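Accompanying notes for the structure given below.
Below, chains carry the letters A, B, ... as their sequence lines are ordered, and counting in each starts from 1. FYI, side chains are in, hydrogens and waters are out, and symmetry mates aren't considered; it's all heavy atoms of this structure. Every value quoted in this text rests on a predicted model; they were computed, and no experiment measured them.
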Amino acid sequence: MPDPAVKQSTVESPSHLPPAVRCRNLRKQYRSRSRTVDAVNGLDLEVRRGECFGLLGPNGAGKTTTIEILEGLLDATSGEVEVLGMRWGERDENIRQRIGISLQETRFPEKLSVLEIVVLLRSFYRAGCEPEDVLDSVSLSEWAALWVGKLSGGQRQRLAVACALVGDPELLFLDEPTTGLDPQSRRQLWEIIRNLAAKGRTTLLTTHYMDEAERLCDRVAIVDRGKVIALGSPSQLIATLGGEHVVEFAVADGPASGAVEIDFAGLPAVREVRKEATGIALTVTEPHVAIPALLHKLQGAERSLARLTTRHASLEDVFVRLTGRHLRDEEIPSA
Amino acid sequence: MRKYHPLKELWLARLRQFAREPAAVFWVYGFPLLLALGLGAAFRNRPVDQVFVDVEASPGAGEVADALARWPEFVVGTHSAELCRERLRLGKSSITVIPGNSYTFLFDPTRPESALARARVDDALQRAAGRRDPVQTSERLVTEPGARYIDFLVPGLLGMNLMGGGLWGVGFVIVDMRVRKLLKRFVATPMNRAHFLWSMIGGRLTFMLPEVLIILGAGALFFGVTIRGSWLAIFAVSLFGSVSFAGLGLLIASRAQRIETISGLMNLVMLPMWLLSGIFFSPDRFPAFMQPFVQALPLTQLNSALRAVVLEGASLASQAWSLGILFLWGTISFLGALRWFRWS
Ligand SMILES: Nc1ncnc2c1ncn2[C@@H]1O[C@H](COP(=O)(O)OP(=O)(O)O)[C@@H](O)[C@H]1O
Ligand SMILES: [Mg+2]
């Protein structure tokens, strides 16, 4: 479960400092002979100092494109970007000294050791942390002498985070830090990132895992098709659903559509009804009120239950309500 | 003084990665040695050249064979007409003698050993038939180190190696880093981009020193290649060559996005030099109309300068023309690379 102290701490931005990141009306168009893609399509963002901010969205939403523009690695087609109060193209080296980056994908040389890579990255910064200390903070000290080729996926990802930290940055960019990792490695990385946040470092991360955004981020921007479609703390976003719980069920006899004629929306404590591929999902405020009423209703209609589960509403539900799609659905290429 | 200097760390990373890659070490140091050993053995100048002569089976064949067998240099065989033709075609013999009232020599004048065999066989048969030489001649044999094939070959192999090392060691490594998104990761830091490019060239020059020592050392040790020039001059020429090829490697790698692309480009660039630049035989053999192209190739100039310095002990100053061409290749490539280089 998320640590409520971290999640709900409201971060006061020191008023005399510009925000860590600000971008307005950001656009990026990829043109090729066959088609043009509006990867980022008028995106506004403001990341406050000291907060952990998440860009949450499905694959292809434009998260990597956005974060790489903010990192000064890609040129935007149009729009304004400010990082730590500075613009790219003016004093880039000054910005680079103060930010740390982990790309969505970096394959470090297989035959260099963990420590050698961190030392190499450290040498590029005027000031920074001791490489050994950084490895300690991502629990890699034990593997310092190991070649990268021998590391597990989780260890490689922690090495990438170590490399992002070695310049002791004020602002940290992490692009999909836990994608492709096993649950245990993910939890370990979450722990590391939460510790960073606790030390007051500003972090901007992207993810397509709603649980990751919920657990790590003070504020989340839900991104879809190159735009921010919702913004707020995870609890604020979930609150927009009108109920904090989701009841999912399926009826035993016949397809789900057979049960749809029944009017579930009128049941007490039910705020919303959503037809899913394998059943029906209800957003409810009080499960102990809604469930007995639901069972009663089904009994009246002479239907029996095949499945019934309840869970807390998540950012996934927010995304589904806003777009009608799931976060993990394959993006359908727009013609 | 910084605790970690970026130039030093980049250079160290380069060295470590190379030393930990057995295949790379083999191609740079082991392969040219094997090649030298193989070619050296195949083209060894033998003290007594054996001449393989076939005599076509016919009534006078025994007589001819006996006459030739008196000289130790001839290896004589008597075969049917058909077999003689085939052996000649396959290079198993250099010449066929068809006995008769007059002798007929069957040989391919474009094969040097056949032409030689013709002269020797003719000489031997004329003497056996009672020819008296009007002038007495005598021979004093001189085999000068420096004029043998292996002497010619070793500096050529060194040149070839410096080319391969520069192109692969810089070009391939850079594209590999681009594919891995390492270049992008590096430019996401405050790294000075010039440091990176210098470290690539610095790494190349570091690998060059043992290359020169090993190849020339092995040549001297195993084949008695005499190194007449000063080591300083040899290293200086090698340095010009290495920098020139490192620049070329940088240029070729400046935009390639895939390993397959860079491998193709490398081979495209190296192939004409393997063929034309005088690694295995002198480029002077190419017809005059090709010479401007042949001479403009950097490897031609590197090989020619290496041979002059190593084999003839020529001074650096005398090689100014070759060094100038190498310098031009290096500079133009490097400037082009700076202009075109893509970090992601
Ligand atoms: N270099 C590129 N050329 C063309 N299209 C691209 C390129 N990079 C990304 N895209 C497209 O832009 C969109 C957004 O991609 P990306 O920013 O990587 O999304 P995300 O990181 O959210 O998965 C996708 O449709 C993707 O196919
Ligand atoms: Mg991405």
Side-chain angles (χ1 to χ4, degrees), chain A residues 64 67-68 70-75 83 88 91-113 115-132 147-150 156 159-160 163-169 172-175, chain B residues 1-28 168-170 172-200 202-203 207 257-259 341-344:
Chain A
T64 297
I67 204 170
E68 288 191 350
L70 300 180
E71 291 163 347
L73 296 174
L74 271 180
D75 288 325
V83 176
W88 290 108
R91 289 166 300 172
D92 289 5
E93 135 97 17
N94 277 354
I95 307 179
R96 297 223 169 278
Q97 291 284 359
R98 293 166 59 187
I99 64 175
I101 289 174
S102 162
L103 298 174
Q104 181 169 343
E105 188 211 357
T106 304
R107 285 180 292 139
F108 289 106
E110 309 281 311
K111 297 199 172 171
L112 289 182
S113 78
L115 182 63
E116 284 163 356
I117 287 175
V118 175
V119 166
L120 175 61
L121 270 287
R122 171 64 185 84
S123 74
F124 300 148
Y125 295 86
R126 266 197 303 273
C129 313
E130 281 306 310
E132 289 82 3
W147 288 1
V148 170
K150 304 252 162 68
R156 281 173 204 234
L159 172 59
C163 290
L165 289 174
V166 76
D168 196 16
L172 197 59
F173 291 97
L174 304 175
D175 195 0
Chain B
M1 185 60 201
R2 279 163 118 169
K3 185 166 171 194
Y4 306 105
H5 194 279
L7 205 48
K8 184 186 133 206
E9 296 299 332
L10 281 165
W11 175 76
L12 274 177
R14 210 35 228 108
L15 258 54
R16 287 177 177 138
Q17 277 178 273
F18 175 77
R20 291 169 190 177
E21 200 68 67
V25 174
F26 169 76
W27 283 107
V28 174
W168 287 106
V170 174
F172 185 82
V173 166
I174 282 184
V175 175
D176 182 57
M177 292 176 81
R178 187 179 291 125
V179 170
R180 291 172 168 273
K181 304 258 159 63
L182 256 186
L183 288 184
K184 189 172 185 177
R185 184 62 190 84
F186 281 173
V187 292
T189 72
M191 179 189 77
N192 182 334
R193 296 177 186 201
H195 280 166
F196 176 81
L197 298 177
W198 281 119
S199 76
M200 293 306 294
F207 303 137
Q257 294 287 350
R258 299 184 330 141
I259 294 293
F341 203 83
R342 282 180 61 154
W343 293 90
S344 58

- Task: Please look at A:Arg98 and chain B and tell me whether the side chain, the backbone, both or neither of the residue comes under 4.5 angstrom of a heavy atom of that chain.
- Result: neither
- Would you call B:Arg20 and A:Glu116 a salt bridge, taking side-chain N to carboxylate O under 4.0 Å as the test? yes
- Side-chain contact test, heavy atoms from C-beta onward, threshold under 4.5 Å: evaluate it for B:Arg180 versus A:Glu110 and give yes or no. yes
- Query: Sub-3.5 Å donor-acceptor pair from the side chain of A:Arg96 to the main-chain atoms of B:Ala188, do we have one?
  - Reply: yes
- What residue, out of A:Asp92, A:Ile99, A:Val119, has the most heavy-atom pairs lying under 4.5 Å from chain B? A:Val119
- What part of B:Thr189 gets closer than 4.5 Å to chain A, counting heavy atoms only: side chain, backbone, both or neither? both
- Task: Find the distance between NZ (B:Lys8) and OG (A:Ser123) and round it off to the nearest 0.5 Å.
- Result: 9.5 Å
- Task: Give, as side chain, backbone, both or neither, the part of A:Glu130 having an atom under 4.5 angstrom from any heavy atom of chain B.
- Result: side chain
- For the side chain of B:Arg185 and the backbone of A:Thr106, is there at least one donor-acceptor N/O pair under 3.5 Å apart? no
- Part of A:Leu120 within contact of chain B (heavy atom distance under 4.5 Å): both
- B:Phe186/A:Leu121 under side-chain contact (heavy atoms from CB on, under 4.5 Å): CA gap, chis, key distance, verdict: CA-CA 8 Å; B:Phe186 281 173; A:Leu121 270 287; 4.1 Å; yes
- Query: Would you call B:Lys184-A:Glu71 a salt bridge at under 4.0 Å N-O?
  - Reply: no
- What part of A:Phe108 is in contact with chain B, defined as an atom under 4.5 angstrom from a non-hydrogen atom: side chain, backbone, both or neither? both
- Message: Take a 6.0 Å sphere around CG of B:Asn192 and say whether it holds more than 12 heavy atoms from other residues, nucleotides or ligands.
- Response: yes
- Would you mind reporting whether A:Phe124 and B:Val187 have side-chain heavy atoms less than 4.5 Å apart? no
- Message: What's the separation between atom CD in B:Glu9 and atom CD1 in A:Ile117, rounded to the nearest 0.5 Å?
- Response: 12.0 Å
